[in-house]
Amino acid sequence: MPRLIFFCGHAGTGKTTLAKRLLPRLIAATGEPFCLLDKDTLYGQYSSAVMGVLTGDANDRDSPLYLQHLRDQEYNGLLATARENLALGVSTLVVGPLSREVRAHLLADRAWLGVGADVAVRVVWVHLAEDEAHRRIAARGNPNDAWKLAHWDAYRTRLFMPAAADYPELLLFDNTAPDDEARWQLLSALLAPVPHSQVS
């Protein structure tokens with residue numbers, strides 16, 4: 001049974017770093033082939049080229065124009081690539097914010113995902129406090145974060161923290177200062193059998 005594992009969360013939470021850290025452990029524990037699909041890696045240069053032409057700002061990833069015209073198409077391509085790998089029996093880690101989709105419970109909807117009951121789906125929501133996310137975003141110096149930092153009050157209205165009771169499909173992971181034990185517990189949860197209620 002191939003696995004589709006999402007690492008979601010807002011900017012600055014450390015989704016990619018966490019996914020890359022767990023990937024070799026997942027391979028070692030399962031003996032299965034895995035691939036990593038990071039939205040920024042797949043579409044970063046493409047988006048820069050398009051936004052540069054449209055607005056003159058190649059680093060724009062947060063303006064209404066980007067969100068309306070490019071965001072969903074990038075996610076569509078990301079998920080289509082994941083499905084191709086899954087059809088070949090290759091388990092796939094998908095890294096991206098996907099906050100709208102998580103909020104709407106779409107990652108628990110197999111029809112929306114386009115995957116059957118033969119795929120084990122897990123969704124990790126990586127989170128930390130807003131002030132710490134702001135600090136990390138500012139410290140990493142990524143030009144793509146310029147809009148967020150310049151319009152933080154507008155950007156923060158898109159932030160949300162899903163409650164465990166309302167989002168049982170999520171594995172919530174506090175990435176403020178995780179230790180090996182916390183990462184091991186997350187790995188164990190990812191490897192555990194998918195509850196029957198999430199298969200159908």
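Taking a 6.0 Å sphere around CD of E32, one finds it holds more than 12 heavy atoms contributed by other residues, nucleotides or ligands.
The closest side-chain donor-acceptor pair between D174 and T176 falls under 3.5 angstrom.
No side-chain donor-acceptor contact under 3.5 Å links K15 to the backbone of V95. Counting only distance, with no hydrogens or angles, the side chain of H10 and the backbone of H127 share no donor-acceptor pair below 3.5 Å. A donor-acceptor pair under 3.5 Å is absent between the side-chain atoms of N175 and the main chain of V126, judged by distance alone. Side chain of R83 to backbone of L113: a donor-acceptor contact under 3.5 angstrom is found.
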Check your understanding: Can you check salt bridge (charged side-chain N to carboxylate O under 4.0 Å, His left out) on R110 and E169, steps first, answer last?
Key -> CA-CA 12 Å; R110 289 178 177 273; E169 70 270 24; over 6 Å; no
Point to revise | Verdict with supporting geometry, D38 and K20, salt bridge (charged side-chain N to carboxylate O under 4.0 Å, His left out) | key: CA-CA 10 Å; D38 186 302; K20 288 181 176 179; 6.0 Å; no
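Note on L107 and L172: same hydrophobic cluster, where clusters join Ile, Leu, Val, Met, Phe, Trp and Tyr whose side-chain heavy atoms are under 4.5 Å apart, directly or indirectly. The hydrophobic cluster containing L23 also contains L187, counting ILVMFWY residues as joined when their side-chain heavy atoms lie under 4.5 angstrom apart, directly or transitively. By the criterion of side-chain heavy atoms lying less than 4.5 angstrom apart, applied directly or through intervening Ile, Leu, Val, Met, Phe, Trp or Tyr residues, L36 is not grouped with Y43; the two fall into different hydrophobic clusters.
Partners of E132 according to the salt bridge (charged side-chain N to carboxylate O under 4.0 Å, His left out) rule, which considers only residues two or more places apart in sequence or in another chain, are R135, R136.
Screening residues 144-153 for salt bridge (charged side-chain N to carboxylate O under 4.0 Å, His left out), with sequence neighbours left out, gives D62-K148, R140-D145, D145-K148.
Partner of L37 under the side chain to side chain contact (heavy atoms under 4.5 Å, CB included) criterion, out of T92, L93, L79: T92 alone. Of the listed residues (V121, V115, D118), just one forms a side chain to side chain contact (heavy atoms under 4.5 Å, CB included) with L86, and that residue is V115.
Contact record, F173 with P178: CZ-CB, 3.6 Å, taken as the closest heavy-atom pair. Residue W112 comes nearest to L106 through the heavy atom pair CE3-O, 3.6 Å, listed as atom of the first residue, atom of the second, then distance.
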